[in-house]
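What you are looking at is a predicted structure, and each value in this text was computed from that prediction instead of being measured.
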Amino acid sequence: MARFYDEFVICTFGNADFEELCEFLSFSGFLKIFCSEYTGEILSKKLTFNNYKLNLMRLSVISNEAHEQISELSLSEAYSILKTSFEIDYEPWYLDMSHRVRHGISWYYGFNGSVLCVQHNLCGEALLSQIATIPEMRNKGNASSLIKAVCQKMSEIEVFLLCEDKLLDFYKKAGFEHYGIKCEISRE
């Protein structure tokens, strides 16, 4: 189990003691829990909060076409794009991401009004997140070009991302395949 502010990431194996885990989570308080589909089903019955299923996507096709030049973005540049697509509280986001970027765990890349975060690139696996485009540049292929260019840079490792059902086709066109389901349990 890992905790950042009021969010937990939980990995369970075998016969986990879900009663004790639920007691701990209720006592500790949480806003969100991120876990496997199996753990999510059990916890959501015991905790009775919102349970969102997210699709785990894995890069299966690396584009060989040439891409426009992408650039690394500063946190302020990334945030200015992200806030047009997501409701993000600046202070907790900045505290977390500045620490990650400063220690070389995460990076932000941009292209033509689009942003993408490489959350981590560890042990041969990378996780992409926070993919967004400013409203006036949407539907022009900028996010797709950015995703393909970043994935091309990481061609030697496995690349994953999480998405809602409505974005499945978009990510499939970018070379990703469905790899499983993860859950987010939320009080919100």
Side-chain angles (χ1 to χ4, degrees), residues 1-26 28-63 82 85-88 92-93 96-97 100 105-109 114-133 138 143-144 146-148 150-151 154-188:
M1 179 181 320
R3 181 178 186 173
F4 176 72
Y5 290 103
D6 293 324
E7 296 183 12
F8 288 87
V9 176
I10 298 173
C11 299
T12 57
F13 301 97
N15 296 326
D17 187 345
F18 286 103
E19 293 298 327
E20 183 179 349
L21 181 58
C22 288
E23 216 174 285
F24 171 78
L25 292 168
S26 295
S28 301
F30 67 90
L31 291 178
K32 293 182 183 177
I33 299 170
F34 182 73
C35 56
S36 69
E37 183 178 24
Y38 170 75
T39 301
E41 287 176 13
I42 293 171
L43 291 179
S44 64
K45 289 176 188 170
K46 296 179 180 295
L47 296 171
T48 61
F49 292 106
N50 299 321
N51 184 357
Y52 304 101
K53 293 192 178 187
L54 298 169
N55 298 289
L56 178 62
M57 305 293 287
R58 182 179 153 267
L59 183 66
S60 60
V61 177
I62 298 173
S63 173
L82 290 171
S85 297
F86 303 109
E87 290 184 29
I88 299 176
W93 172 84
D96 178 36
M97 295 314 300
R100 290 168 172 268
I105 296 168
S106 298
W107 304 266
Y108 280 96
Y109 291 101
S114 292
V115 67
L116 172 154
C117 179
V118 177
Q119 279 288 337
H120 67 263
N121 179 354
L122 303 168
C123 303
E125 292 183 358
L127 178 66
L128 306 182
S129 71
Q130 302 178 37
I131 300 167
T133 302
R138 291 182 186 153
S144 294
L146 178 59
I147 292 166
K148 289 175 183 177
V150 169
C151 289
M154 298 187 299
S155 63
E156 300 298 317
I157 60 172
E158 287 200 276
V159 179
F160 295 90
L161 58 83
L162 295 162
C163 73
E164 299 172 344
D165 289 344
K166 67 184 179 183
L167 294 171
L168 280 171
D169 289 338
F170 172 77
Y171 288 117
K172 285 180 181 177
K173 287 178 188 172
F176 287 82
E177 66 184 358
H178 194 264
Y179 196 71
I181 301 287
K182 297 293 180 186
C183 286
E184 179 183 277
I185 300 170
S186 174
R187 287 183 185 245
E188 302 169 340

Undergrad: Just to verify, which of Leu127, Val150, Val159 counts as forming a side chain to side chain contact (heavy atoms under 4.5 Å, CB included) with Val118?
TA: Val150
Undergrad: Out of curiosity, Cys151 SG to Leu116 CG, how far, rounded to the nearest 0.5 Å?
TA: 7.5 Å
Undergrad: Looking at side-chain heavy atoms only, is the closest gap between Tyr171 and Ile131 below 4.5 Å?
TA: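 Yes, side chains in contact.
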Undergrad: Do any N or O atoms from the side chain of Ser60 and from the backbone of Gly175 form a donor-acceptor pair under 3.5 angstrom?
TA: yes
Undergrad: Can you give me the closest heavy-atom contact between Arg58 and Glu177, atom names plus distance?
TA: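 Nearest pair, atom of Arg58 first, then Glu177: NH1-OE2, 2.5 Å.
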Undergrad: Are the side chains of Leu47 and Ser26 in contact, using a 4.5 Å heavy-atom criterion?
TA: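 Yes, side chains in contact.
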Undergrad: Using the side chain to side chain donor-acceptor pair (under 3.5 Å) criterion, which residues pair with Glu37? Sequence neighbours excluded.
TA: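 With sequence neighbours excluded, Glu37 shows a side chain to side chain donor-acceptor pair (under 3.5 Å) to Lys53, given in chain and number order.
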Undergrad: How far apart are the closest heavy atoms of Ala174 and Ile147, and which atoms are they?
TA: CB-CG2, 4.2 Å
Undergrad: Can any side-chain N or O of Ser106 pair as donor or acceptor with the backbone N or O of Gln119 at less than 3.5 Å?
TA: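 Yes; judged by distance alone, with no hydrogens or angles, the pair exists.
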Undergrad: Who are the side chain to side chain donor-acceptor pair (under 3.5 Å) partners of Asn121, not counting sequence neighbours?
TA: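 Listed in chain order: nothing, the list is empty.
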Undergrad: How close do Asn51 and Ser44 get, heavy atom to heavy atom, and via which atoms?
TA: ND2-OG, 3.2 Å
Undergrad: Return the SG to CD distance between Cys35 and Glu41, rounded to the nearest 0.5 Å.
TA: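 One gets 9.5 Å once the value is rounded to the nearest 0.5 Å.
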Undergrad: At their closest point, which heavy atom of Arg138 faces which heavy atom of Thr133, and how far apart are they?
TA: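 Heavy-atom minimum between the residues: NE-O, 2.7 Å.
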Undergrad: Taking the side chain as C-beta and beyond, is there a heavy-atom pair between Phe49 and Leu43 under 4.5 Å?
TA: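 No, their side chains stay 4.5 Å or more apart.
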Undergrad: If you define the side chain from C-beta out and look only at heavy atoms, does anything of Phe18 sit under 4.5 Å from Lys45?
TA: no
Undergrad: Nearest 0.5 Å please: distance from the NZ atom of Lys173 over to the CG atom of Leu167.
TA: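 If we round to the nearest 0.5 Å, Lys173:NZ and Leu167:CG are 11.5 Å apart.
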Undergrad: Determine whether Cys163 and Leu161 make a side-chain contact, defined as any pair of heavy atoms from C-beta on separated by less than 4.5 Å.
TA: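 Sidechains of Leu161 and Cys163: in contact.
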Undergrad: Would you find a donor on one side and an acceptor on the other, under 3.5 Å apart, between the side chain of Ser85 and the backbone of Leu82?
TA: no
Undergrad: Please check: side-chain N/O of Arg100 versus main-chain N/O of Ile105, any donor-acceptor pairing under 3.5 Å?
TA: no
Undergrad: What I'd like to find out is whether the side chain of Ile181 reaches to under 4.5 Å of the side chain of Asn55, using heavy atoms alone.
TA: yes
Undergrad: So, taking the atom named SG in Cys117 and the one named CH2 in Trp107, what distance separates them when rounded to the nearest 0.5 Å?
TA: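 Atom-to-atom, Cys117:SG and Trp107:CH2 are 9.5 Å apart.
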Undergrad: So, do Leu128 and Met154 sit near enough that their side-chain heavy atoms are less than 4.5 Å apart?
TA: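 Yes, at least one pair of side-chain atoms sits under 4.5 Å.
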Undergrad: Output all residues satisfying salt bridge (charged side-chain N to carboxylate O under 4.0 Å, His left out) with Glu164, sequence neighbours left out; order by chain, then residue number.
TA: Lys166
